[in-house]
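What you see below is based on every heavy atom in this structure, not just the backbone, and it leaves out hydrogens, waters and symmetry mates.
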Amino acid sequence: MRNRSYWNNYQWARLLVLTVFLASACGRGEEKPLTITVNGKEVSRAAAEVVNNQVMVPLGFLEEHFQVKAGWSESRQEAPVYYSGKVAVLMYHHVMDKPNKDEIISTAQFEKQMELLKTNGFHVIGLKEYAAFKVEGAPVPDNAVLITFDDGYESFYKKAFPILQKYGYPAVNFIIVATADHLDITGVPKLTWDQMRELKASGVDFMSHTYALHAYGFVNEKGKKKPLTTGHLYLPGYGRQETDEEYAERVTEDLMLAEKRLREELGNTISALSFPYGAHHEELLAVTRKLGIRLLFTIQSGLTLRDEPAAMRINAGRSVVSPDEVIERLKRAGGLPLTITIDGVQEEYSVVRMGAGDSGPLIPLREFCRRHQVEIHWNKQAKKVELFTRQMVTESRT
């Protein structure tokens with residue numbers, strides 16, 4: 001920062017990286033109840049549920065609040081289609097022949113997963129195809145999968161890549177860029193720029209996991225910690241936290257440096273960021289928008305939709321979960337394809353689950369709204385859904 005140059009000091013960046021794997025993820029607070037309003041009036045949410053950060057509603061909800069006649073029947077398809085118009089982003093970290101932690105996948109398990117993706121009809125796409133889907137609205141194949149790794153471990157080069165190459169799969173690795181610039185940093189060996197250049201020529205993309213913000217920092221004088229990407233850090237010399245402007249400048253400088261080094265070393269033309277610990281908030285999103293980083297990734301579990309600001313991912317890199325279990329989870333995540341009849345017109349929906357009792361299937365509310373010109377605002381943090389029918393939207397804009 002302009003009035004505290006120590007934030008720009010390389011030694012400070014290196015110290016941050018040394019603490020990268022010492023922190024644990026934050027716990028979750030108490031669940032908030034889901035509220036739904038239609039044209040400003042709160043309505044009964046009935047059997048509505050939030051599944052993988054999607055609001056799912058029964059057909060009775062649509063009939064009651066949108067004056068439609070709805071029915072359903074199972075779709076029959078020749079080829080197995082588990083989901084359409086979505087991407088399953090798989091997340092991995094470290095690969096070892098004999099893992100010493102649950103969060104590390106074995107080489108044999110990883111190879112079996114890659115085999116099962118092919119034999120079960122999944123289609124692995126690369127970052128360019130994923131970017132076209134998210135940014136340009138391009139289609140993706142049914143059962144689309146994007147393979148991602150975090151942290152830039154050297155095991156990706158030695159263990160994972162030969163398997164990916166065997167099956168012809170592209171992949172993305174989000175690296176902590178400072179670890180490539182400073183190979184003397186201790187810890188589990190990380191990828192070098194030369195190794196990355198070699199793999200990039202064979203279909204692997206290397207993107208940002210920040211330059212040196214994959215760690216926790218103090219946010220008050222009592223020692224409370226938050227991720228460096230989301231916390232307003234405590235400044236002991238000033239007896240206060242960072243201001244909003246100081247926070248934004250610090251994070252901006254780090255992300256800009258990461259992008260600069262990736263361009264210089266690898267010639268990157270696409271910008272993507274995996275949030276450390278999955279932590280993000282509106283202030284951080286505002287920084288990424290300013291920098292033009294449009295492909296964002298969290299660790300929240302679920303399939304990724306086109307219009308979500310940050311992609312959800314499915315943790316497939318745990319040695320305690322068998323390859324067969326991972327594949328079955330992918331199949332279930334897409335839900336059961338059903339044909340929904342709305343006012344006599346058939347529409348295909350990916351149904352996550354059947355509702356309780358006789359409520360029938362639960363369908364994604366956002367999909368219905370998009371098709372029927374209903375404006376929807378979904379606040380995930382507040383668990384609040386605001387719906388505006390076409391008539392109400394027209395009246396409010398005249």
Side-chain angles (χ1 to χ4, degrees), residues 1 7 16 23 25-37 40 50-55 89 91 131 134-135 148 150 174 207-220 224-235 240-259 270-313 365-366 369-370 375-388:
M1 295 179 182
W7 284 119
L16 294 182
C26 295
R28 295 182 179 178
E30 185 178 341
E31 286 290 319
K32 297 179 180 179
L34 175 68
T35 60
I36 302 177
T37 63
V50 180
V51 181
N52 291 333
N53 286 314
Q54 285 196 80
V55 179
V89 184
M91 178 178 65
K134 290 287 285 185
V135 178
T148 69
D150 279 3
F174 295 98
M207 296 287 141
S208 172
H209 206 23
T210 75
Y211 187 83
L213 295 184
H214 196 314
Y216 277 61
F218 295 111
V219 295
N220 63 26
K224 182 179 180 180
K225 292 182 177 181
K226 286 187 177 181
L228 293 174
T229 47
T230 55
H232 282 52
L233 300 185
Y234 182 69
L235 308 175
R240 61 173 176 82
Q241 281 186 311
E242 293 174 305
T243 64
D244 292 345
E245 292 76 16
E246 289 168 338
Y247 160 82
E249 186 174 359
R250 172 174 59 83
V251 174
T252 297
E253 288 178 357
D254 179 277
L255 298 184
M256 285 179 63
L257 180 57
E259 292 297 314
I270 295 176
S271 295
L273 170 66
S274 170
F275 297 121
Y277 318 110
H280 62 287
H281 50 33
E282 180 53 38
E283 284 183 277
L284 181 55
L285 292 177
V287 171
T288 62
R289 287 193 294 268
K290 179 181 177 181
L291 296 178
I293 304 174
R294 302 180 68 178
L295 302 178
L296 307 171
F297 295 80
T298 71
I299 61 171
Q300 291 176 303
S301 182
L303 297 181
T304 294
L305 303 176
R306 174 178 287 117
D307 55 359
E308 288 181 322
M312 293 189 287
R313 293 192 285 178
L365 180 57
R366 187 180 293 277
C369 292
R370 184 184 300 119
E375 190 169 303
I376 179 171
H377 301 279
W378 166 222
N379 186 323
K380 294 180 183 179
Q381 284 69 39
K383 293 189 72 172
K384 181 177 181 179
V385 182
E386 295 178 291
L387 303 170
F388 300 92

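Closest of all the heavy-atom pairs between Ser208 and Thr210 is OG-N, 2.9 Å. When every heavy atom of Val251 is checked against every heavy atom of Leu228, the shortest pair comes out as CG2-O, 4.2 Å. For Thr304 against Ala311, the heavy-atom pair with the smallest separation is OG1-CB, 3.5 Å. For the pair Ala310 and Thr298, the tightest heavy-atom approach, listed with the atom from each and the gap, is CB-CG2, 3.5 Å.
Within the 4.5 Å cutoff, the side chain of His232 has heavy atoms near those of the Asp244 side chain. Residues Tyr211 and Glu253 are not in side-chain contact: their nearest non-hydrogen atoms beyond the backbone lie 4.5 Å or more apart. Considering only heavy atoms from C-beta on, Leu296 comes within 4.5 Å of Thr288 through its side chain. Contact annotation: the side chain of Glu308 approaches that of Lys134 to within less than 4.5 Å [non-hydrogen atoms, C-beta and beyond]. Proximity of Thr148 to Ser274: side-chain heavy atoms (C-beta onward) are nowhere separated by under 4.5 Å. Inter-residue side-chain proximity for Leu235 and Gln241 is flagged as unmet; no heavy-atom pair is nearer than 4.5 Å.
Using a 4.0 Å cut-off between a side-chain N of Lys or Arg and a carboxylate O of Asp or Glu, Arg370 and Asp307 qualify as a salt bridge.
Not counting sequence neighbours, the partners of Phe275 by the ring-ring contact (aromatic ring centres under 6.0 Å, His included) test are His280. The side chain to side chain contact (heavy atoms under 4.5 Å, CB included) search around Arg306 returns Phe133, not counting sequence neighbours. Remark: Lys224 engages Val219, Asn220, Lys226 in a side chain to side chain contact (heavy atoms under 4.5 Å, CB included) (not counting sequence neighbours). Listed by chain and residue number, Phe174, Met207, Leu295, Phe297 satisfy the side chain to side chain contact (heavy atoms under 4.5 Å, CB included) test with Ala272 (two or more places apart in sequence, or in another chain). With sequence neighbours excluded, the residues forming a side chain to side chain contact (heavy atoms under 4.5 Å, CB included) with Arg294 are Val135, listed by chain and number.
Between Val385 and the options Leu34, Asn379, Thr37, a side chain to side chain contact (heavy atoms under 4.5 Å, CB included) holds for only Leu34. Just one of Lys383, Glu386, Lys384 meets the side chain to side chain contact (heavy atoms under 4.5 Å, CB included) condition when paired with Thr35; it is Lys384.
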Handout entry: Residues His209, Tyr277; criterion ring-ring contact (aromatic ring centres under 6.0 Å, His included); working and verdict
Key = CA-CA 10 Å; His209 206 23; Tyr277 318 110; 8.1 Å; no

Exercise for the section: Check step by step if salt bridge (charged side-chain N to carboxylate O under 4.0 Å, His left out) holds for Glu245 and Arg250. Expected result: CA-CA 9 Å; Glu245 292 76 16; Arg250 172 174 59 83; over 6 Å; no

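No hydrogens or angles considered: a donor-acceptor pair under 3.5 Å links the side chains of Ser271 and Glu259.
Note on residues 282-292: pairs passing salt bridge (Lys or Arg N to Asp or Glu O under 4.0 Å), not counting sequence neighbours, are Glu282-Arg289.
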